[in-house]
There are 2 protein chains.
Amino acid sequence: MDIRSLCLGALMAGDASGYEIRKMFEEGIFSYFQMASLGSIYPALTKLGQEGLVTFTAQEQENRPDKKVYSLTPEGRRTFLRTLFQTRPGEDRYRSDILFLLSFAHELPVELCEALIDEYSSRQEVMLEHIREAKCPTKSGPGPENTENPCQMAGPDFIGGLGEAVCKATLDFIDKNKESFLTELRNRRAGRP
Amino acid sequence: MDIRSLCLGALMAGDASGYEIRKMFEEGIFSYFQMASLGSIYPALTKLGQEGLVTFTAQEQENRPDKKVYSLTPEGRRTFLRTLFQTRPGEDRYRSDILFLLSFAHELPVELCEALIDEYSSRQEVMLEHIREAKCPTKSGPGPENTENPCQMAGPDFIGGLGEAVCKATLDFIDKNKESFLTELRNRRAGRP
DNA sequence: TACAGCATGTAAGCAGTTACATGATTCT
DNA sequence: AGAATCATGTAACTGCTTACATGCTGTA
């Protein structure tokens with residue numbers, strides 16, 4: 001999935017500025033499985049505008065750059081839908097420095113291992129929070145205004161449920177295994193220093 | 001984590017050729033949370049060799065290019081350990097085209113949604129298989145020969161357990177929610193065609 | 001006072017993917 | 001016969017991150 005399709009997808013949920021789109025990928029429902037930075041979003045939006053797939057209206061703001069609120073054109077919508085149908089989905093990929101580092105736990109101080117695990121936990125908790133908020137957004141939540149009631153969209157609901165289940169399983173596993181893991185590390189250290 | 005550290009990390013588990021290192025990232029324990037392609041591994045190995053962090057012995061093979069079996073130098077080992085200590089782990093990131101596509105389930109044919117979910121499931125099953133094999137490798141399993149018994153390494157065990165828990169949670173969620181999700185999609189379709 | 005958030009945009013630089021080049025062997 | 005596996009290597013291309021440029025508002 002290239003950044004252009006990602007932007008079109010974000011706009012399917014409602015009009016938004018580049019800044020708001022990034023928020024969707026950072027805190028919203030997409031944050032679980034995609035991400036995009038401003039440095040790639042702005043150029044993508046500009047290009048999509050040139051191709052007639054999006055338009056924008058500049059909202060004037062005092063003492064700030066105009067806020068450009070983008071929306072899909074009918075053609076943009078059609079193009080995106082076509083992309084959805086045609087895309088042969090690429091491999092999933094998960095990257096985690098923390099888990100890589102923890103693979104070498106036997107070479108690291110136990111305190112560092114514990115810190116890494118805790119860091120991993122707290123990140124998962126943040127993610128869980130994001131997913132829950134995205135599933136049942138509070139009024140004036142992040143992202144564009146909800147033109148449709150998102151609770152009527154089955155997709156995000158299913159995906160959100162999946163994300164929730166995964167985060168919970170992760171936190172649960174750590175909860176149950178962290179101490180015995182650290183104890184084992186300490187014993188090994190004591191056994192052959 | 002840059003590709004160079006990833007290669008050093010792979011070699012911590014034992015000597016290996018570039019081709020074998022890729023296998024570790026494709027099927028071995030690392031496949032769960034990192035990946036690397038041959039086009040990046042070979043140049044990295046060459047560079048590490050120039051820097052004195054790895055050496056290799058060329059194993060002659062009939063009618064094939066010599067197999068270059070790399071091993072860490074003492075300095076390579078030290079460098080990697082230093083890296084482990086110093087690295088401030090980057091954000092985890094998970095990318096999934098399938099989940100992105102499924103976010104728009106309400107715009108897709110139900111059959112396509114089902115196919116996407118099934119594809120997702122089967123990929124998770126493959127991953128689960130890899131993780132299990134990596135945790136309790138069979139004799140002559142993938143990757144370099146096990147110079148140490150991996151069952152004595154707590155890190156991979158913990159990580160493997162985590163990966164297993166996550167895969168299981170995913171498969172479990174899909175098992176329990178797929179049908180009702182598809183039914184809901186079909187009902188919506190029938191309700192307002 | 002300093003930092004975080006809002007808000008857009010450009011451009012350099014780099015890391016990694018993909019494709020190309022080559023070729024024998026073994027499995028289906 | 002064709003595909004996959006083994007095996008290494010180079011190079012173009014792409015797409016993304018990071019940093020820079022600018023500047024007000026609100027909070028700690």
Side-chain angles (χ1 to χ4, degrees), chain A residues 1-7 10 15-28 30 34-50 54 56-70 88 90-95 97 140-144, chain B residues 1-8 10 15-28 30 34-50 54 56-70 87-88 90-95 97 140-144:
Chain A
M1 275 298 158
D2 60 7
I3 190 71
R4 297 167 72 261
S5 304
L6 257 29
C7 288
D15 299 351
S17 66
Y19 196 82
E20 284 167 342
I21 289 175
R22 190 207 45 174
K23 268 201 142 186
M24 295 171 77
F25 285 102
E26 218 161 61
E27 301 172 16
F30 293 137
Q34 290 292 348
M35 100 101 178
S37 66
L38 282 175
S40 54
I41 291 171
Y42 285 126
L45 249 18
T46 305
K47 221 183 157 194
L48 288 169
Q50 285 160 4
V54 299
F56 67 88
T57 41
Q59 286 181 358
E60 284 174 46
Q61 298 189 128
E62 284 168 32
N63 302 320
R64 269 187 211 181
D66 285 359
K67 186 173 169 175
K68 291 184 176 179
V69 178
Y70 287 86
R88 204 174 319 247
E91 296 259 307
D92 286 29
R93 56 183 53 172
Y94 175 51
R95 301 196 167 224
D97 283 1
S140 76
Chain B
M1 275 295 159
D2 60 6
I3 192 68
R4 296 167 73 261
S5 304
L6 256 28
C7 287
L8 292 178
D15 299 352
S17 65
Y19 195 82
E20 284 167 341
I21 289 175
R22 191 206 45 173
K23 267 202 142 185
M24 295 170 76
F25 285 102
E26 216 161 63
E27 302 172 17
F30 293 138
Q34 289 291 348
M35 101 100 181
S37 66
L38 283 174
S40 55
I41 291 171
Y42 285 126
L45 248 17
T46 304
K47 219 183 160 196
L48 288 169
Q50 284 161 5
V54 301
F56 67 89
T57 42
Q59 286 182 358
E60 285 175 45
Q61 298 189 131
E62 286 168 30
N63 302 320
R64 269 189 211 179
D66 285 0
K67 186 174 169 177
K68 292 183 174 180
V69 177
Y70 288 86
T87 299
R88 203 176 319 247
E91 296 258 307
D92 285 28
R93 56 183 54 173
Y94 175 52
R95 300 195 167 225
D97 284 0
S140 77

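Residue numbering restarts at 1 for every chain, and letters A, B, ... go by the order of the sequence lines. As the structure is a prediction and not an experimental result, all values here were calculated from the model. Every heavy atom of this structure was used, including side-chain atoms; hydrogens, water molecules and symmetry mates were not.
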With sequence neighbours left out, the residues meeting ring-ring contact (aromatic ring centres under 6.0 Å, His included) with Tyr70(B) are Phe56(B)

Here the distance between atom P of dT18(D) and atom CG of Asp2(B), to the nearest Å, is 13 Å

Rounded to whole Å, CD1 of Ile21(A) lies from C1' of dC6(C) at a distance of 15 Å

Met1(B) atom CE is separated from dA15(C) atom C1', nearest whole Å, by 15 Å

CG of Asp66(A) to OG of Ser17(A), rounded to nearest 0.5 Å, is 12.0 Å

Taken to the nearest whole Å, CD1/Ile41(A) to C1'/dC16(D) is 12 Å

B/S/- along nucleotides 6-11 of chain D (protein heavy atoms under 4.0 Å) is BBBBB-

With five pairs defining each end axis, the helix from dT1(C)-dA28(D) to dT28(C)-dA1(D) comes out bent, to 10°, by 50°

Sequence neighbours excluded, the answer for salt bridge (charged side-chain N to carboxylate O under 4.0 Å, His left out) partners of Asp92(B) is Arg123(A)

Between NZ of Lys47(A) and C1' of dG15(D) the distance, given in whole Å, is 11 Å

Across all chains, not counting sequence neighbours, the salt bridge (charged side-chain N to carboxylate O under 4.0 Å, His left out) partners of Lys67(A) are Glu20(A)

- Query: Does Gln34(A) reach the side chain of Asp97(B), with side-chain heavy atoms less than 4.5 Å apart?
  - Reply: yes

Rounded to whole Å, CD of Gln34(A) lies from P of dG15(D) at a distance of 14 Å

message = Does any part of the side chain of Leu45(B), heavy atoms only, come nearer than 4.5 Å to the side chain of Ile21(B), both counted from C-beta?
response = yes

Those residues at least two apart in sequence (or on a different chain) that pass side chain to side chain donor-acceptor pair (under 3.5 Å) with Tyr42(B) are none

Rounded to whole Å, the CZ-P distance (Arg95(B) to dC16(D)) equals 7 Å

**Prompt:** Using a cut-off of less than 4.0 Å, is there contact between a side-chain N or O of Arg4(A) and OP1 or OP2 of dT14(D)?
**Reply:** no

Whole-Å distance, Ile3(B) CD1 to dC16(D) P, equals 19 Å

Report yes if the side chains of Met35(B) and Arg95(A) come closer than 4.5 Å at any heavy-atom pair, otherwise no.
yes

Heavy-atom side-chain contact between Leu8(B) and Val54(B) under 4.5 Å: yes

